[in-house]
2 protein chains.
Amino acid sequence: MTEHLFDDRRITAMGLFTEAFTGLTARVSGQLATHGLSLVEFEVLIRLARSPRSQLRMTDLAAQTQLTTSGITRVVDRLERTGLVRREACPTDRRSSFAVLTDAGRTRMEEVLPGHLELIEHWFTGRLMPDQLSQLLDSLRVVRDAVRPEATSGAARNASECETR
Amino acid sequence: MTEHLFDDRRITAMGLFTEAFTGLTARVSGQLATHGLSLVEFEVLIRLARSPRSQLRMTDLAAQTQLTTSGITRVVDRLERTGLVRREACPTDRRSSFAVLTDAGRTRMEEVLPGHLELIEHWFTGRLMPDQLSQLLDSLRVVRDAVRPEATSGAARNASECETR
DNA sequence: GCTCAACTATATCCTCAACAACTTTCCTCT
DNA sequence: AGAGGAAAGTTGTTGAGGATATAGTTGAGC
């Protein structure tokens, strides 16, 4: 009952998953640091950049990232202090406020993204054959859909609904 | 140059990787919490359990996990306080000290592991067909070997060498 | 209209980990 | 043998982020 239990194939699979991911994010995080951005800050910026009007409610940001709303408050605090993001009141619901990507924020993203994409290509996607990569992504999608907390659709609906100002 | 850049396939690939991993670890972390263990504490315990004599030098623990040596100091502090681990001096190198799994620690692991393995099976390995899983692990191995900082063999050699007491 | 529950953002408290400085011990070079 | 440097571990400080409480806002039911 003793030794082989700790070398179960499920343990090794999980360990492999962990090592691959943490190693990769360490590389990514290191490069972002040279641009003065942390991983979560980059995460927030790119989600804003992808959103219509380059803005999202704080709650939606929290739902899309792995942070709580209080965590988002502080990330946006930092980004606002450096001028990459600004807060804007929601006209239809005075409880809500938007985080909006500023011009400086978009410029910063355009500086950072090419290197970021090269990095992912170099350490991740470029290491695999095309069909090998697509199979990997299929498998990851299966796992993600399994473990994903719940519907993000509700939050998305709220966002678009509040956005019709 | 604007919108499609943020939806590059490399971004989505990285996002998929992130979501799958963070979602999975959230599940794992939640279950471990019900046993009074954090993820890094579990990580330390299982690495000790797998090691000969159930012991590792602090430095080797740091190398195997994603923590610095000072981080390991504090984790082992906590585990020692709860009696799952004890420190032991290295007889051949008085700078080094071992973290040793106690009987209570091994018992705790035997309580926790079955559920842990079931969890991994349920949310991860069991979601995929056998050959799909093995291909996933192959791909993860490629990425891990690419991004892995450096040789862990050096640390392993030191450990075994110090262990011949 | 009023009340109450749900929601949104923020403030406060606490845990945890990185970083840097420091102590002790070991090793190498002369 | 002794000096200088490298290595191992601990500790103070800093900062990020979760949990919870709080204040303001909304909407539904009466």
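Lettering follows sequence order; numbering is per chain, from 1.
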- Item | Atom-pair distance (CG on A/Leu56; P on C/dT8), nearest Å | 14 Å
- Indicate whether OP1 or OP2 belonging to D/dA8 is found under 4.0 Å from a side-chain N or O atom of B/Arg57. yes
- With a 4.0 Å cut-off on heavy atoms, is B/Glu41 in touch with a base, just the backbone sugar-phosphate, or nothing at all? nothing
- Taking CG from A/Asp93 and P from D/dT25, how many angstroms apart are they, rounded to a whole number? 10 Å
- Query: Looking only at side-chain N and O atoms, does B/Thr68 come under 4.0 Å of OP1 or OP2 in C/dA18?
  - Reply: yes
- Nearest-0.5 Å distance, CZ of residue B/Phe124 to OG1 of residue B/Thr25: 12.0 Å
- Message: Please classify the nucleic acid contact of A/Leu67 as base, sugar-phosphate, or nothing, using heavy-atom distances under 4.0 Å.
- Response: sugar-phosphate
- Task: Determine yes or no for a side-chain-to-main-chain donor-acceptor pair under 3.5 angstrom, with B/Glu121 supplying the side chain and A/Arg10 the backbone.
- Result: no
- Message: Quick one about A/Thr65 and A/Arg47 (side-chain donor to acceptor, distance below 3.5 Å, no hydrogens or angles considered), yes or no?
- Response: no
- Message: With a 4.0 Å cut-off on N to O distance, would you call B/Arg148 and B/Asp145 a salt bridge?
- Response: yes
- Message: What is the distance, to the nearest angstrom, from the CD1 atom on B/Ile72 to the P atom on C/dC19?
- Response: 14 Å
- Task: Round to the nearest Å and state the distance from B/Leu37 atom CG to C/dC16 atom P.
- Result: 12 Å
- Message: Taking the minimum atom-to-atom distance to the side chain of A/Arg95, which one of D/dA7, D/dG9, D/dT25 wins?
- Response: D/dT25
- Query: Roughly, in whole Å, what's the span from CZ in A/Arg94 to P in C/dT10?
  - Reply: 15 Å
- Atom CD of B/Glu88 and atom P of D/dG9 are separated, to the nearest Å, by 14 Å
- Could you grab the distance from atom CG of B/Leu32 to atom CG of B/Leu119, nearest 0.5 Å is fine? 8.0 Å
- In whole angstroms, the gap separating C1' of D/dA7 from CG of B/Leu61 amounts to 17 Å
- Query: When you measure from every atom of DNA chain C, which of residues 73-85 of chain A have a heavy atom less than 4.0 Å away?
  - Reply: A/Thr73, A/Arg74
- Message: One thing to verify: whether B/Asp77 and B/Arg74 come together as a salt bridge, which I'm taking to mean a side-chain N less than 4.0 angstrom from a carboxylate O.
- Response: no
- Message: On DNA chain D, does the nearest nucleotide to A/Gln66 precede the nearest nucleotide to B/Ser97 from the 5' side, or the other way round? Give the residue.
- Response: B/Ser97
- Item | Base of D/dA19 paired with side chain of A/Ser70 (donor-acceptor, under 3.5 Å) | yes
- Out of curiosity, A/His116 NE2 to B/Met14 CE, how far, rounded to the nearest 0.5 Å? 6.5 Å
